[in-house]
Undergrad: 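The structure that follows is given in the form of structure tokens.
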There are 2 protein chains.
Amino acid sequence: MSTHSSSADEAHAEIEAPVTRVLVVDDHEVLASSLARVLDEEPDLASVGVAGTLERARAMIVTTAPDVVLLDHRLPDGDGVAAISELRALRPSIKVVVLTASAADHVLVAAIEAGASGFVSKTRSLGELTSAVRAAASGEAVISPELLARLLPRLSPSGRPRHQELTEREREVLGLVAEGLSNAAIAERLVVSVHTVRNHVANLSAKLGAHSKLEALSIAVREGLLPGR
Amino acid sequence: MSTHSSSADEAHAEIEAPVTRVLVVDDHEVLASSLARVLDEEPDLASVGVAGTLERARAMIVTTAPDVVLLDHRLPDGDGVAAISELRALRPSIKVVVLTASAADHVLVAAIEAGASGFVSKTRSLGELTSAVRAAASGEAVISPELLARLLPRLSPSGRPRHQELTEREREVLGLVAEGLSNAAIAERLVVSVHTVRNHVANLSAKLGAHSKLEALSIAVREGLLPGR
DNA sequence: ACCCGTCTAGTACGTTGGTACTAGACGAGG
DNA sequence: CCTCGTCTAGTACCAACGTACTAGACGGGT
């Protein structure tokens, strides 16, 4: 095994940019460091380092000037995808490739809307990942066909702008549901009536396709909709 | 960055075993392959391949005869930790090092009880991981001090065998609760009455310190008590 | 000016769930 | 043999939840 791939990956050698500088952002040191080493082995790629938190990523983007940021979706101090536009604002030339374990549809959509140049599931091969990095570096926005197939039906069906997104308040309620709170307890926290909470729960449940708070939580967990895990 | 570590890691060079053969079992191709390459770079370690499922791991253990299995806890076709004893039965000489993202206490305990030789969180450094692999290969069962500190209070407090453990049936019910099912639906799945389900739910909730299925799920999620996520 | 989405609050009714018990069957272990 | 834990089933009662509506306030956008 361990197919040593100095194989002719893709013949279209980049000439304009000598080396693509990559920053790996993932709280899993084991993954991030391994990946950084693998990238360093590629002649046209180089890691500028590893960041385990968004805060560290922000700092390293300004100090190490990467071309591409390989960004995990779930980080200790926040949602990676949600931070994409902020990171891009720090250094507009960076391309962001989201590297995620879950690959739930809504994350994919959010990443693309935030300006990600690529999206790779951690279950895919290293070759696919390096391809995505190279594509991103050369200005292309590539999504794997597999993911694209999932994405299209979300965007195309008539001109409907997708009502499925939860509102701010609904996400807030969902967060409290995730804490196992009763409607009454949620109402108390938010300083509103139980009726209002019931409405929010009913609405967000409908959007998630759930018929109870329990099912809503189950789905939210499965799809990785919760920020703090 | 990318501190090239051909540094004198540990001076106690293994002489008896020339090279430790490692099998990486993780459904995240990106991690597994990167890790395999990193291990191949170490002079005393070599990857014999990568397995993305338990089924594949079983096959590769018999065909590639690894010395150490680096095992992820959460795999597509089952719980890695739960499969430890089974894998060890296939080839009794193998040492298992569990590599996990969550590192919830009960997983740690289960891994050790199943005969794991090491336990490393994915958030730790590569150095810690390779150390654990080398330690496992040489017959030592090493747990990082950080994890050990968490483990001790679980085993020592008087001789109390801890009644908090869920029974098999309760775990089963909890799994169905995690799918968002109603008591009636759970009863149907298990072919028992709703009363029985209510009892199980009440009992497991009490053990978890919850007062509702929702809260039980919330706690189970927070503590990483669920096998498939 | 108007519409739309969101947040808020309410009424009403039926369903589900939680709590507190009792109790029989069964298997493992002292 | 008897005990203990577990799984099973039941009764009974009240609280919580889900559903289906209506409706006012408010802000952003056309």
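Chain letters run A, B, ... following the sequence lines, proteins first, then strands; residues in each count from 1.
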Undergrad: Could you go over nucleotides 25-30 of chain C and give all protein N or O partners under 3.5 Å, atom names and distances?
TA:
none

Undergrad: Taking B/Asn183 as the fixed residue, which of B/Lys213, B/Glu188, B/His195 is the one that meets the side chain to side chain donor-acceptor pair (under 3.5 Å) rule?
TA: B/Lys213
Undergrad: Between N or O atoms, less than 3.5 Å apart, protein on one side and nucleotides 25-30 of chain D on the other: list the pairs.
TA:
none

Undergrad: Would you confirm whether A/Asp26, through its side chain, and A/Leu71, through its main-chain N or O, come within 3.5 Å as a donor-acceptor pair?
TA: no
Undergrad: What pairs with A/Ala137 under side chain to side chain contact (heavy atoms under 4.5 Å, CB included), at least two apart in sequence or on another chain?
TA: A/Thr20, A/Val68
Undergrad: How many whole angstroms separate atom CD of B/Glu170 from atom C1' of D/dG5?
TA: 11 Å
Undergrad: Taking only N and O in the side chain of B/Lys213, is any of them less than 4.0 Å away from OP1 or OP2 of C/dG17?
TA: yes
Undergrad: Taking the side chain of B/Thr167 as its heavy atoms from C-beta onward, which of C/dT16, D/dT6, D/dC17 lies nearest to it?
TA: D/dT6
Undergrad: Side-chain donor-acceptor pair under 3.5 Å between A/Ser138 and A/Arg134, yes or no?
TA: no
Undergrad: Quick check on the helix from C/dA1-D/dT30 to C/dA28-D/dT3: what's the angle between its two end axes, five base pairs per end, to the nearest 10°?
TA: 50°
Undergrad: Protein-nucleotides 8-14 of chain D N/O pairs closer than 3.5 Å?
TA:
| unit_1 | atom_1 | unit_2 | atom_2 | d |
| --- | --- | --- | --- | --- |
| D/dT8 | OP1 | B/Arg169 | NE | 3.3 |
| D/dT8 | OP1 | B/Arg169 | NH2 | 2.5 |
| D/dT8 | OP2 | B/Arg169 | NE | 3.0 |
| D/dT8 | OP2 | B/His200 | NE2 | 2.7 |
| D/dA9 | OP2 | B/Ser193 | N | 2.7 |
| D/dA9 | OP2 | B/Thr196 | OG1 | 3.0 |
| D/dA9 | N7 | B/Asn199 | ND2 | 3.0 |
| D/dA9 | N6 | B/Asn199 | ND2 | 2.9 |

Undergrad: Which residues pass the side chain to side chain contact (heavy atoms under 4.5 Å, CB included) test with A/Thr64, sequence neighbours left out?
TA: A/Arg21, A/Val48, A/Met60, A/Pro66
Undergrad: Quick check: does any side chain N or O of B/Glu215 sit under 3.5 Å from a backbone N or O of B/His211, one acting as donor and the other as acceptor?
TA: yes
